[in-house]
4 protein chains.
Amino acid sequence: MTRGNTRQRIQDVALELFAEQGYEKTSLREIAENLEVTKAALYYHFKTKEDILISLFQDLTRPMDELIEWAQTQPHTLETKQEILRRYSEALASAAPLFRFIQENQATLRDLSIGETFKDRMLRMLDLIKEPEAALADQVRCLSALLTMHAGMFLLKDVEGDPEEKRLAVLEVAFDLVSQAHHVTR
Amino acid sequence: MTRGNTRQRIQDVALELFAEQGYEKTSLREIAENLEVTKAALYYHFKTKEDILISLFQDLTRPMDELIEWAQTQPHTLETKQEILRRYSEALASAAPLFRFIQENQATLRDLSIGETFKDRMLRMLDLIKEPEAALADQVRCLSALLTMHAGMFLLKDVEGDPEEKRLAVLEVAFDLVSQAHHVTR
Amino acid sequence: MTRGNTRQRIQDVALELFAEQGYEKTSLREIAENLEVTKAALYYHFKTKEDILISLFQDLTRPMDELIEWAQTQPHTLETKQEILRRYSEALASAAPLFRFIQENQATLRDLSIGETFKDRMLRMLDLIKEPEAALADQVRCLSALLTMHAGMFLLKDVEGDPEEKRLAVLEVAFDLVSQAHHVTR
Amino acid sequence: MTRGNTRQRIQDVALELFAEQGYEKTSLREIAENLEVTKAALYYHFKTKEDILISLFQDLTRPMDELIEWAQTQPHTLETKQEILRRYSEALASAAPLFRFIQENQATLRDLSIGETFKDRMLRMLDLIKEPEAALADQVRCLSALLTMHAGMFLLKDVEGDPEEKRLAVLEVAFDLVSQAHHVTR
DNA sequence: GATGAATGAGCCTTCATTCAT
DNA sequence: TATGAATGAAGGCTCATTCAT
């Protein structure tokens, strides 16, 4: 019946379960059962369990990578930074489950080939946002902005209010932090 | 020679390994081997693997609990908040491995009886730091302050500079955020 | 471009891999990958994995079977035996990979329908080479001659010298052994 | 009931099954079932499947190793060689199942850490038995002697006669071969 | 206070094979 | 002539846990 989309379905279910229970605690059996296929079928589409995860990263982080590439061609003005944060916030929102997963499974990611890749991206984002010779506290501010965007949405789950509103509040705080760190060095 | 302190040694090794590799990826065999005892010995001192973790939390988060208890008796002035953050920062620093662990193993903690306990503490801290009717963005600021303190130290690992200096920079940013959120509602 | 010869190519690759790694350790996936076809394609040409092996035997042991048939029509003189050994040695050399495979995968062959077939041939060879009522030691000599021819080439891999020279040395020893066993019973 | 000898029992059953069916075709489940324990119990006593095999080699080839060590201290006379063969034949007989296994599972052994070890031993035996500058055919004779001793017993299974008698016949042929190769170089 | 021995459940992975297209 | 997709069985291995000693 459902033909040709099994690979996609595996990714969907896997992401859902990975985000919900963590990578290690999600077994291939579980994924397979959810899809009503056998474990072996998963192996037709992906070489290993880690491969499923890798494919999710590759598919879902592309917007970020494109954003970074674009940003690297822009001048380091406050306006650019603001634009970067705005777009980053959107990219984050559209891949929320993956980023929830990332945030909650760092110990696992650390030694899952992908860890490095991800850390690199963070550092490149940081470079786009902070001034080259920023004081320590200002570096912290930029880091904090990033951190808040990443973790913010999930932590605000208990707080009342519409998700989009929350996203904007987070964005506002991030922008504040980056602005404070942006006293141009003359 | 090492008499009667096995329990303590188990905790030490366990914390080190949990923090380094994550909870799920650290097996009791590994802990036992590090201590040159048998797995069964661990079971003399702790009822389950989770129990080891619980004991670590109980022993290492007491300063935080005491801090919170004390803080709840104080007036919600900016000075108090500043004092809370200062003490919190110190408490955090003195139990750094545990908090690194917490930060990196959230997916695991979520369904490990302890998760709730920990989340509760975070929310109580938040209540101490934010104004009762704070605007959304100000709530985010306070959350961000907490977040930054928790994650900051580890993320700054790649950055140059003396640890104590970094801690103070983080504290400064946290204080800023909380101050901004503190425009007293009259 | 390679049209219609897939069957042959499968056999070639299979023999190579079987000889190199053993039958059990060579998977159909591996064979298929080497040929840049799918596993399913193998099943178009052969009913089972074992079938591939069987086909190799059938194709490569024909010279031996013909030799045996011819030999059975000859008188049991020493000259005949010498001739048999000479031809056997040549047949062996021209199907070296298969015989390397046989020699190294006996445990596997034992319960692979083919085992019997092969053992039968060995026994028939033995009958051609030894005297009907030979003493135990003389039977051993003939067995040893066969054995040496089979295993000899591979074992001499580490020894210096040109392959053809080695083959002749092996043949010489085999002939010696058979001669010693040939004190005609009157 | 049976206490403390499980390790030994595992080795016994494993050797029996390895020899009978081959290494790859013998599963740990099978071994465990034969012993009426769980697979996991095997892992208490041995780190891996290969480890079981290694332990068998270590325990059963000691006599050979001692023989070789002793032989290396002896003069290279024909008498010594005869003595070496005699003892080797006995050592072989007392570890027959292992050597049957070796002979029939060479493809497997080749890439099982142990392969090298075993090949080394063969080469050292060869060095003890052949003259340093022996002609190619004489080297083949010595190899053939070794080969015959190794494989002889199993191949003679179909032949009538008492096992000990067969062993002696094999030994006789081996001795003959080595003698022929021993025309002392003056 | 600790060990030796074992278990049951489960994990990731691989394999030969099938079948509709 | 082949492929794409899937299966069922099995394999080696690891884990937290138990319990008699």
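Naming convention: chains lettered A, B, ... in sequence-line order (proteins, then strands); numbering from 1 in each chain.
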Taken to the nearest whole Å, NZ/K25(D) to P/dA16(E) is 13 Å
Are L15(B) and L60(B) side-chain neighbours, meaning at least one heavy-atom pair lies under 4.5 Å? yes
Note: for E30(C) and V37(D) on DNA chain E, the residue whose nearest nucleotide lies more 5' is V37(D)
Look at the aromatic rings of F118(C) and F99(C) and report parallel, tilted or perpendicular, splitting at 30° and 60°.
tilted
Y44(A) OH to dT14(E) C1', in whole Å, measures 16 Å
Whether each nucleotide of nucleotides 16-21 of chain F has a protein heavy atom under 4.0 Å at its base (B), only at its sugar-phosphate (S) or at neither (-) is summarised, 5' to 3', as BBBB--
- pair F101(A)-L53(A): side-chain heavy atoms closer than 4.5 Å: yes
Scanning both residues in full, the closest heavy-atom pair of A19(C) with E104(C) reads O-OE1, 3.9 Å
message: Measuring only between side-chain heavy atoms, which start at C-beta, is F18(D) closer than 4.5 Å to L56(D)?
response: yes
Closest heavy-atom pair, E50(C) versus S113(C), reported as atoms and distance to 0.1 Å, is OE2-OG, 2.9 Å
Tightest non-hydrogen contact, residues F46(D) and S55(D), listed as CE2-OG, 3.4 Å
Rounded to whole Å, CD1 of I10(B) lies from P of dG1(E) at a distance of 11 Å
Taken to the nearest whole Å, CD/Q8(D) to C1'/dA5(E) is 17 Å
In whole angstroms, the gap separating C1' of dA2(F) from CG of L35(C) amounts to 13 Å
Whichever of R7(C) and T38(A) has the more 5' nearest nucleotide on DNA chain F, that residue is R7(C)
Output field dot_bracket for DNA chain E (Watson-Crick or G-U, both distances under 3.5 Å, | for other-strand pairs) contains .||||||||||||||||||||
Closest non-hydrogen atoms of T38(C) and A32(C), given as atom of the first, atom of the second and distance, are C-CB, 3.8 Å
Between CG of N5(A) and P of dG4(F) the distance, given in whole Å, is 17 Å
Between CD of E33(A) and C1' of dT7(F) the distance, given in whole Å, is 15 Å
- For dG4(F), does either OP1 or OP2 sit under 4.0 Å from a side-chain N or O belonging to H45(A)? no
Rounded to whole Å, the CZ-P distance (F46(D) to dG4(E)) equals 16 Å
### Query
Are T6(C) and dA2(F) close enough that a side-chain N or O sits under 4.0 Å from OP1 or OP2?
yes
Could you go step by step and tell me if D12(C) and Q8(C) meet the side-chain hydrogen bond (donor to acceptor under 3.5 Å, both in side chains) rule? CA-CA 6 Å; D12(C) 293 349; Q8(C) 176 68 49; 2.9 Å; yes
